[in-house]
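Note sheet for the following structure.
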Amino acid sequence: MEIRHLFELENDATFQQLNQQVNSFNTLKILKLENHEIRHSNILAWLLNPKENHSLHDYFLRKMIEHLILIEENSNNPKYETVSGILNHSLMDSHVYREVKTDQNRFIDLLIVNQQLKFIFFIENKFYSTESKNQLDDYLNFIQHTFKNFTIIPIYLTLDGEKPSNQQYFILTYERIESILYTILILYKEQLSDNVYKFIEDYNQILKEKFYPNQDQVLQAINIYRNYKPTINALFEETSKLNKQLQFESGYQFEFMMKYKNTINYIFKHGKNILSYSFEQFIHRQFGGEVLYDAHPTTPNLLPPEWNSISSIKLRESNYWLGKGLIVWFEQTNDSRLRLIAEMGPIEYIHRIWLLEQLEKIGLAFRENSKLEKTRYTRFFSQKIDVNKWDDMEELSQAMVALYNSTEFVLLRKQIADMLNYKNSVKNRITKTIENFSTEKTTIQVQKAFKKWVGTKNILENDYRVSSKTLSFKIPLFDAFKEKLGETREKWWWDNGPFLFWMNINSDSLFFTLEVGPIDADKRVLLMESMKEKGIKFSKKGLTVEAKYNRIYSETISIVGLNESDLIHAFDILYGNKELQNILEKLQIIYDETVCKLE
């Protein structure tokens, strides 16, 4: 290695800028905190304790509980609703304990006890390590035996959201911890002392670098590595020896390595960017020809060719990934596995709802808030594979091929392609006639068709309503339920009964719903439990006494370009759907077996 090459590198402006960023001062980095699990637990114990000197009171504890609720995988935990209820109380009387010894001579990382509210949170913290045999079972058994009259919430905290062996544990990730810290830095800057703020800022930076590598810095490292590859490789080999043996030399090269060793290591790690190069090899091997992709340094991504027709659906945010409403990307997980993720982006709401409902029909599940109009992104598929050598481009490329061509993902690609092709065939037909219809004319036409349709079903005039935006009706079975269960505890639509069909009239579609209303809480819970036993699906909150409304069936159908007879046929399709009729049959059984016998 010639001295001239070191001069060239040191006088490169990008190299100096990156060096300044990589070596920014951070007290916790100096202490090597990021490599020791026990030190993370100590910091978390400090943050979670409402009585500590950080002046956050119970804010961090409350936010941690909120994130337990927000993590989708936790929604199936039997104590999910219980966790939500804890937030209705002050948590200031909570106490935090570290390294609690069990009767098996094991140590629970974090224990949070609230005597007044009779709840226990305990956390098993796995920053780099993995579960020991029966470890989670032993912890839970010990806590249950020790705190017999307490509500016990076990938590499994990991880098990557790994599933615990014991399904009673809630999942929590360090990515969520970083999110809470980031919020604190925004909201509490004026309230916190300078020392506390700086400490939290440094800890947040450590977690941020773990989960959100600075993309500008990574790109700088790639450019430097490509421009000075032989020099960086030689420097990395030499600096690696500095960590393994006591060594001192005189001269410019030794001083250069001592001064820039952290930056050299950073450039070598990210500049080689094995993920990006492997992805380009995967693209060539898998597709050969044209495919829309971006060999991003940390999240290389593509649009599967089968999904190209998503281009016909407009985005609400034009800068989303490749500018399309669907995306697939690869990433390295924190436990050094390769993961493939598929996501739906911020497409127009009516199309987003339609596509989510189609995905549900093939067995995918989503949280209720995925269907809110404000929701922008929804991940609908994730799969991981082990990688033995992350410096082997061939192995990584083969792993990408294996994930992309797995049985599950091949089937999903085809299913979504079929959905999009159907959607576009309907859309093309709609496009030819949409200019002939104004919103007002469409609404009037839908209203007229609906009135004729209810006549064909012998639905009496008093059993349906037509408004400017909605259509609604009931059937005799609903009246029978109302007679036994009573009216709703607050005004609901025009009938105030337990069930009602209603439809939203949109400019190009009808949104059709069967909904349960806010009848007396005790009777409602009985009704919802009966429906659950019969396999009628609804949100878990429907089983709580606080619940008011629950949709138990919904469907959207396009109406653009349809004449009156087509619309009447559309109503027949909506109401005659086999899934809906199956629900009505089950409701009849529930009435005959249970409800009709109520006093």
Side-chain angles (χ1 to χ4, degrees), residues 71-73 75-76 158 160-165 167 171 274-296 299-311 321-322 324-345 347 352 354-367 370 377-390 392-424 537 579:
I71 294 174
E72 184 172 348
E73 291 86 345
S75 61
N76 293 323
T158 63
D160 198 39
E162 290 299 309
K163 289 185 178 180
S165 60
Q167 298 306 307
I171 293 172
I274 192 73
L275 194 60
S276 178
Y277 297 148
S278 301
F279 180 76
E280 289 179 336
Q281 183 170 308
F282 154 74
I283 290 292
H284 178 75
R285 179 176 296 170
Q286 177 72 32
F287 303 102
E290 291 295 320
V291 63
L292 187 60
Y293 76 94
D294 176 15
H296 191 274
T299 53
N301 53 85
L302 75 148
L303 177 70
E306 305 98 314
W307 299 354
N308 282 339
S309 55
I310 192 68
S311 301
W321 290 87
L322 295 171
K324 309 298 179 183
L326 294 172
I327 194 70
V328 172
W329 77 87
F330 295 96
E331 65 181 17
Q332 182 181 4
T333 66
N334 292 299
D335 59 354
S336 293
R337 288 193 276 179
L338 181 69
R339 173 163 52 197
L340 178 149
I341 295 172
E343 182 180 82
M344 184 190 309
I347 58 178
R352 179 182 175 81
W354 181 86
L355 192 50
L356 282 172
E357 289 176 346
Q358 300 309 305
L359 291 173
E360 284 180 324
K361 289 179 180 179
I362 63 172
L364 300 184
F366 309 97
R367 289 182 61 85
S370 296
Y377 319 114
T378 300
R379 295 184 183 183
F380 56 86
F381 182 83
S382 177
Q383 194 172 40
K384 292 185 281 189
I385 192 171
D386 290 331
V387 173
N388 295 318
K389 297 179 181 179
W390 271 91
D392 187 331
M393 183 161 56
E394 178 64 24
E395 181 178 351
L396 266 177
S397 178
Q398 288 285 5
M400 291 178 183
V401 170
L403 282 174
Y404 192 81
N405 293 303
S406 69
T407 303
E408 298 87 348
F409 193 56
V410 168
L411 175 61
L412 181 63
R413 294 206 317 268
K414 182 182 184 306
Q415 289 171 323
I416 292 178
D418 290 342
M419 294 173 195
L420 294 173
N421 291 336
Y422 169 77
K423 183 78 172 175
N424 284 324
K537 296 180 180 180
E579 181 182 348

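As the structure is a computational prediction, the values presented were derived from the model and not from experiment.
- The two atoms that bring Tyr277 and Met393 nearest to each other are CB-SD, 3.4 Å, heavy atoms only.
- Side chains of Gln383 and Ser406: a donor-acceptor N/O pair is present below 3.5 angstrom, by distance only.
- Under the 30°/60° scheme for interplanar angles, the aromatic rings of Trp307 and Phe409 are found to stand perpendicular.
- Contact record, Phe279 with Ala295: CD2-CA, 3.8 Å, taken as the closest heavy-atom pair.
- Side-chain N/O atoms of Glu394 and Gln281 include a donor and acceptor closer than 3.5 Å.
- In this structure, the side chains of Phe287 and Tyr293 stay at 4.5 Å or more apart for every pair of heavy atoms.
- Residue Lys384 forms a salt bridge (Lys or Arg N to Asp or Glu O under 4.0 Å) with just one option from Glu408, Glu331, Glu162, and that option is Glu162.
- If you take CG on Leu322 and CG on Leu303, they are separated by 7.0 Å, rounding to the nearest 0.5 Å.
- Side-chain contact between Glu343 and Leu326 is absent, with no heavy atoms from C-beta onward closer than 4.5 Å.
- For the pair Arg413 and Phe381, the cation-pi criterion (under 6.0 Å, within 45° of the ring axis) is not fulfilled.
- For the pair Leu292/Leu302, no side-chain contact is recorded, criterion being any heavy-atom separation below 4.5 Å from C-beta on.
- Side-chain contact between Arg339 and Leu403 is absent, with no heavy atoms from C-beta onward closer than 4.5 Å.
- Here the CD1-CE distance, from Ile385 to Met400, works out to 11.0 Å after rounding to the nearest 0.5 Å.
- The CD1 atom of Ile283 sits 9.0 Å away from the CD atom of Glu280 when rounded to the nearest 0.5 Å.
- The main-chain N or O of Lys414 is never found under 3.5 Å from a side-chain atom of Glu306 such that the two would form a donor-acceptor pair.
- Residues Arg379 and Met344 fail the side-chain proximity criterion, which asks for heavy atoms closer than 4.5 Å.
- Donor-acceptor pairing under 3.5 Å is recorded for the side chains of Gln286 and Asn405.
- The closest side-chain heavy-atom distance from Ser278 to Phe330 is not below 4.5 Å.
- For the atom pair Thr299 OG1 and Trp321 CH2, the distance stands at 4.0 Å (nearest 0.5 Å).
- The two atoms that bring Gly325 and Ile347 nearest to each other are CA-CG2, 3.4 Å, heavy atoms only.
- The distance from atom CG of Asn308 to atom CG of Leu420, rounded to the nearest 0.5 Å, is 10.0 Å.
- The number of heavy atoms from other shown groups lying within 6.0 Å of NZ (Lys537) does not exceed 12.
- Put simply, the side chain of Ile416 reaches to within 4.5 Å of the side chain of Leu359, judged on heavy atoms.
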